[in-house]
Amino acid sequence: MSRFNLIDEKWIPVRFLNGSREELGIQDTLLQAKEIAAIEDPSPLVVASLHRFLLAVLYRALEGPTDIDQAKKLFRDGLPREKIRAYLEKWRDRFWLFHEKFPFGQNPHVPKNEIEPWTKLTAEFNATSNKVLFDHTDTTRPGTREPMECARWLIATMSFSIAGGRGYYPSPSPNAIMCIPLGANLHNTFCHALIPYPNREVLQGDLALWERNPEVLPLAEPKRMAAGYADLYSWQPRMIHLEELLSGAVASVRFVAGLGFDNSSKQPDPMQPYKVDPTYGKLPVQFREERGTWRDLDSLLPDDTGLAPQTIQHALRLAGRNPTLLPKSVLVLGLRYSPPSANVDFWRMEQFVFPVSLATKDGIRSEVTTLLTCAEESQKSLWMSSNAFARALLSRGDRPPDKKDIRSVVQQMPVHSWYWSALEGRFQEVLHAYTLDRDSEDIRCQWLISVRAVLKQAWEQHRNSVSMGDAWAIRALVKAEGPVRAKLKELDEEILRLTPAREEA
Amino acid sequence: MRRFIEWLEGLNQKDTKVRAVLRRSLAFDPGAFVPAYPYVEPFVKDEGNSWRREMHYLVAGLWAAHWREERLGGLMTIGKACAVYQVASGSTSTERRFITLLDSDSDQLPHHLRQMVALLKEQPIDFDALLTGLLYWNDDRKCTQNGWAQDFYRNISDDMEIESISQEEKTA
């Protein structure tokens, strides 16, 4: 009756330090963490969720860390193997994927008539009502999937369920950027993200999903706050039951609304960066469709406001001032959807290499913010010129053109995406220029030169694409170039102001 | 090319009927009025490029029509001259005429240019620059048309209003 125990079965996809790839069970993943380079899966949602799930296991198995000293000890001495083994053994019966009373991560009380195809577990395959472009899985005949895949998707559903339809509650943080500092091996990665409990009381109240009995439906208390990190990382926003076939595969699931997450503003997610909105206060930074994450890179850098992801702040505290212990890079991943729509707009996974000085130099966040603000302001001039171009192109008489028409012309202009993609490469160069002994003014000057060059080239490209048009297009081009020319002049002056200072130094 | 207007000025000093003949040539297709040949042909002899030849005749005619004794002030490009005329006269149709001129094909160009130059009788026009621009009129990149447009719009009091729409509105 009990089948597919997640502790031993191979279902977590990992890459070892020697480059080989394999699937491992929970126990092997945790015990061999020093030989594993990273957890890897085609879906960013699965990668993020597996990290969160394994962290929940560690929080419960280690019953901590409760302070920075304990965290440093784990980082230095390794994860206590016996504690992990003992914990997993104690809860072995709750890690069966298929079990009559305690199927892992599921609820056996979901009514039998709430049947959905297995695709309901995933964002990348067609759901019964939300179709995915280019996926041809037929939800009326979905075929079957292996238990290891279903286990991964079950975990991803827990972390990334979105709101909308049938009174579904979202996961605690489905719509935010999640940041996982990556160490030289998976052990270091775990330690970076294993931020200490704020106090022992929280530790004692914390329980992971598998340590609670499956709740009877409908829920007596549909919403509650998270008790601790393990609870947060194993939240159950959907009640699911995998329907096992005789072959051992899964074709359908039972699927209903799960547990609501209450008062998320008071429980910041340790993996997320935050920003302060003048109207709404502290909000998580989110992915934006036309905006690369590097443009918000400053939000990942710690300063005294404490808005950077706690995982990154903790990783830096662990390393102290020892650059060899710092995370090698930061994995940034998650999805984007626009409530109340229940469709995923996109999901994203990016990896940033952090130069040492970015992590250790004081005041670096404000310096990087200044650079990014400069790029934004220059782009604003490009946008104003584009807007003026569209307006002049559409207006040939006294009647002003419709704003919607202007906007649609501006949106079709490739100049803005080109500007940002060209500047991204330059930004990476500037980041690498950040060394402890490098002068900030010097870096700023280098950046201004890059911004100026990219702005000029972007407008030149637009000019070249338009200048062969008719006289109205040429007229629009000439009438529109004022803001870009003014910005170029302003940048020239600033570069000139910074250049003598650089030469003197 | 620079020497062409100098050449015409020189002829004008020697013979008063030069301008009259060249002015009259404007009533014909450029290069089709035989009496003008003695004044332009020596400058374009052995020229295999018919467009180049025609533009010399056209500019010679325009120069003659536009000539004034004791012209004051520096010479202006045609774009700038149009801008100055529009500002001075307050005429709202100048820009439209200018646009029509910019959009002219080879056949329409002499006619529109004649009209425009007639309009700009008070502005000292740089005919050497005009000739240089006309020689590249049919270039694929439309350098001349772009250059004239820049001269015009950069010299006109800008009526461009940059709307204060926020960036967010763009993607809304």
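Just so we're on the same page: letters track the sequence lines, and every chain starts at 1.
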For [X], is the [atom1] atom crowded, meaning more than 12 foreign heavy atoms sit under 6.0 Å from it?
| X | atom1 | answer |
| --- | --- | --- |
| A:F346 | CZ | yes |
| B:K142 | NZ | yes |
| B:R114 | CZ | yes |

Heavy-atom pairs under 4.5 Å with chain A, option from B:L101, B:I99, B:T100 with the top count =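 Heavy-atom pair counts peak at B:I99.
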
A:K479 side chain to B:Y153 backbone, donor-acceptor under 3.5 Å =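 Such a contact is absent between A:K479 side chain and B:Y153 backbone.
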
inquiry  = Does B:R154 form a side-chain contact (heavy atoms from CB on, under 4.5 Å) with A:E481? I'd like the steps, not just the answer.
reply    = CA-CA 10 Å; B:R154 285 182 188 173; A:E481 65 189 5; 2.6 Å; yes

message = What's the separation between atom CZ in B:F152 and atom CZ in A:R475, rounded to the nearest 0.5 Å?
response =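 If we round to the nearest 0.5 Å, B:F152:CZ and A:R475:CZ are 9.0 Å apart.
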
request  = Hey, could you give me the CD/CG distance between B:Q145 and A:D470, rounded to the nearest 0.5 Å?
outcome  =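 Rounded to the nearest 0.5 Å, the CD-CG separation comes out at 11.0 Å.
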
From CA spacing to verdict: side-chain contact (heavy atoms from CB on, under 4.5 Å), B:D103, A:I474 = CA-CA 10 Å; B:D103 248 351; A:I474 294 172; over 6 Å; no

message = Using heavy-atom distances under 4.5 Å, tell me whether B:D140 contacts chain A through its side chain, its backbone, both, or neither.
response =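 Contact with chain A is through the backbone of B:D140 alone.
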
ask   = Considering all heavy atoms of both residues, which atom of B:R141 and which atom of A:M468 are nearest to each other, and what is their separation?
value =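 Closest heavy-atom pair between B:R141 and A:M468: CA-CG, 3.8 Å.
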
key: Distance-minimising heavy-atom pair for B:N146 and A:L477   =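 Closest pair (atom of B:N146, atom of A:L477, distance): OD1-CD2, 4.1 Å.
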
query = Which region of A:R485, side chain (C-beta onward) or backbone (N, CA, C, O), has a non-hydrogen atom less than 4.5 Å from a non-hydrogen atom of chain B, or is it both or neither?
reply =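 The side chain, not the backbone.
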
